[in-house]
A.B. asks: 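Below you'll find the structure I mean.
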Number of protein chains: 2
Amino acid sequence: MIVADRKQRKKEQRRTEIVDAAEKLFYKKGFDNVTMDEIADAVEFSKGSLYVYFKNKDSLFFAIVARMHREYFRQFRELLDENASGGEQIRTMIRHLVEYTKDHQEYNDMACTIGPLIWSRMDTEYEQVLAENSMDYNLWLNDAINKGIADGSIRNDLNPALFGFYISLISISVVSPSPLWKKGFELAGVGYDEFVDNFQKFIDPSINNCKTEGPTKKHPAGKSG
Amino acid sequence: MIVADRKQRKKEQRRTEIVDAAEKLFYKKGFDNVTMDEIADAVEFSKGSLYVYFKNKDSLFFAIVARMHREYFRQFRELLDENASGGEQIRTMIRHLVEYTKDHQEYNDMACTIGPLIWSRMDTEYEQVLAENSMDYNLWLNDAINKGIADGSIRNDLNPALFGFYISLISISVVSPSPLWKKGFELAGVGYDEFVDNFQKFIDPSINNCKTEGPTKKHPAGKSG
DNA sequence: GTGCCTTTTTGACTCAGAGTCAATTATTGA
DNA sequence: TCAATAATTGACTCTGAGTCAAAAAGGCAC
């Protein structure tokens, strides 16, 4: 029925408006310092109505994150060259992550300040959404790593699943340091941009299949001992 | 005056008791799910008294963190071989971090769930304490890196301050992944212990002054570019 | 011991903000 | 126009952090 359709679209639009307003406020003041009343004011709704569209405050956060993730994965799919070597694909992933994150610092500051706490009270509904969102990505990552090991562009001395976790956890941690770390950078005269831009260079040796002899206990060539 | 001394000691002891109780509760239920009344009950005090010893709930968190840090640095100082090469010292740091963290997982789960939010509302008082706590460590880290670059045990193609931030941020991120990451490990059949135990092996190539012919075509001919 | 002063402890109170729900208002379809 | 349904409201409840005036305990001089 057409009327029902229009209603549906209107509802979607309302949801989007709410997410937009919440996002702006969370970025500006931090999730914890924004009240549901404020968000309601911003969209010219009453607080009660927010709870028709979203179960609670946490689910507003999830909506923002899910939207960001979708866009992130969409861009990445476009960028990826299926024919590149595994190692090259991983490097593309890191490059994209760095660029994307630099373009969304407000999001990242918000997400890495309140995110960990909200993840800790995640219920199954959001777990579901999150899992679905990252499913494709996980599959791709595993493929890329296996391909890279096979084609010799990625080191082969680590369990691929383990290697994948190092790459993703470390990359994410580096590109989205908490505001406290950022402050530390500044105090030491290191810019955030410099920090993320050089990450690729820093981590490359740990990705490549470089025949280094003896990872530990080597090179005491200097004045030690 | 002796009476004043005894009073002082008693006060210290009370503080410790409160921190102990809060720590236990935070580990078990998570910072956010513990009320000040519960903590008061646990130490058989009234809530009002807690606020004589601690400014607010956040400062209980800081007290726990500060104590943990002090112990961590104390152990590290004992372990460190001043005569080892820079690279070897960094490896000792990582090894110690891994072992210490494995022994304090409850602390880490708590700290990395609520920590980022609390850091974001840190006031100057705690900033001070934190800065003092990590001052020695930062100085040591810089020394170790410079020594390592000089003695050839650490790569010399990165700004030392930058390199230091990579090492510390990445190491900390890897040893204390949020509970959500840990869950991800499990689903993929990777144990947390396996994950942290192999970190050294993963990251070593990015530390060592290894002449790789990888994509970052850099061949440092001498000691500093 | 008694009275006086200081310190510690108490718990009822305030206040903020998330989430609820019965009542009100708007929309739709006949 | 009217009844049924859907959307919206805002006053309300509830929880928990932090406060503060009053009560209790501790110390001291006599």
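Sequence lines set the chain letters: A, B, ... in the order given, protein chains first and strands last, and positions in each chain run from 1. Because only heavy atoms are used, hydrogens play no part in the values below, and waters and symmetry mates are left out as well, while side chains stay in.
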A.B. asks: Measure the distance from CZ on A/Phe45 to P on D/dG10 and round it to the nearest whole Å.
C.D. replies: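 Result: 12 Å.
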A.B. asks: Which comes earlier along DNA chain C counting from the 5' end, the contact point of B/Leu50 or that of A/Val34, where each point is its nearest nucleotide?
C.D. replies: B/Leu50
A.B. asks: Mind calculating the distance between CG (B/Asn56) and C1' (D/dG18) to the nearest angstrom?
C.D. replies: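 Atom CG in B/Asn56 sits about 9 Å away from atom C1' in D/dG18.
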A.B. asks: Counting just side-chain N and O atoms, does A/Ser49 come under 4.0 Å of either OP1 or OP2 of D/dT9?
C.D. replies: yes
A.B. asks: Taking only the side-chain heavy atoms of B/Ser46 (C-beta and beyond), determine which of D/dA17, C/dA18, C/dG11 contains the nearest atom.
C.D. replies: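 Looking only at side-chain atoms, B/Ser46 lies closest to C/dG11.
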A.B. asks: Mind checking whether B/Phe195 and A/Tyr166 have parallel, tilted or perpendicular rings, split at 30° and 60°?
C.D. replies: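 If you compare the ring of B/Phe195 with that of A/Tyr166, the planes turn out parallel.
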A.B. asks: Can you label the angle between the B/Tyr72 ring and the B/Phe76 ring as parallel, tilted or perpendicular, going by 30° and 60°?
C.D. replies: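 Aromatic pair B/Tyr72/B/Phe76 classed parallel.
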A.B. asks: Return no unless some side-chain N or O of A/Lys47 is found under 4.0 Å from OP1 or OP2 of D/dG10.
C.D. replies: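 The answer is no; no side-chain N or O of A/Lys47 sits under 4.0 Å from OP1 or OP2.
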A.B. asks: Measure from CG on A/Leu25 to C1' on C/dG17 and round the result to the nearest Å.
C.D. replies: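 These atoms are roughly 15 Å apart.
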A.B. asks: Checking all strands, does A/Tyr53 fall into the base, sugar-phosphate, or nothing category for heavy-atom contacts under 4.0 angstrom?
C.D. replies: sugar-phosphate
A.B. asks: Grab the NZ-P distance between A/Lys57 and C/dG17 for me, whole Å please.
C.D. replies: 9 Å
A.B. asks: Give the rounded distance in Å between these two atoms: NZ of A/Lys55 and C1' of C/dA18.
C.D. replies: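 A/Lys55 atom NZ is separated from C/dA18 atom C1' by 15 Å.
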A.B. asks: Check the distance between D/dT15's P and B/Asp37's CG and give it to me in whole angstrom.
C.D. replies: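 Result: 12 Å.
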A.B. asks: To the nearest angstrom, how far is B/Glu38 atom CD from D/dG16 atom P?
C.D. replies: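 It is 8 Å, rounded to the nearest whole Å.
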A.B. asks: Does a nitrogen or oxygen in the side chain of A/Tyr51 sit under 4.0 Å from OP1 or OP2 of C/dC21?
C.D. replies: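 Checking C/dC21 against A/Tyr51, no side-chain N or O comes under 4.0 Å of OP1 or OP2.
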A.B. asks: For D/dA7, take OP1 and OP2 only and decide whether either is under 4.0 Å from a side-chain N or O of A/Arg14.
C.D. replies: no
A.B. asks: Rounded to the nearest Å, what distance is computed from the CD atom of residue A/Glu44 to the C1' atom of nucleotide D/dT9?
C.D. replies: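 A/Glu44 atom CD is separated from D/dT9 atom C1' by 15 Å.
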A.B. asks: Does any part of the side chain of B/Pro160, heavy atoms only, come nearer than 4.5 Å to the side chain of B/Asn142, both counted from C-beta?
C.D. replies: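 Contact flag for B/Asn142/B/Pro160 side chains = no.
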A.B. asks: Among the nucleotides D/dA17, C/dT10, D/dT8, which one has an atom lying closest to any side-chain atom of B/Thr35?
C.D. replies: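 Looking only at side-chain atoms, B/Thr35 lies closest to D/dA17.
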A.B. asks: Which of parallel (below 30°), tilted (30 to 60°) and perpendicular (above 60°) describes A/Phe73 and A/Tyr137?
C.D. replies: tilted
A.B. asks: Is the ring pair A/Trp119/A/Phe61 parallel, tilted or perpendicular, if the boundaries are 30 and 60 degrees?
C.D. replies: perpendicular
A.B. asks: Nearest to the B/Met36 side chain among D/dA17, C/dG19, C/dT10, which nucleotide is it?
C.D. replies: D/dA17
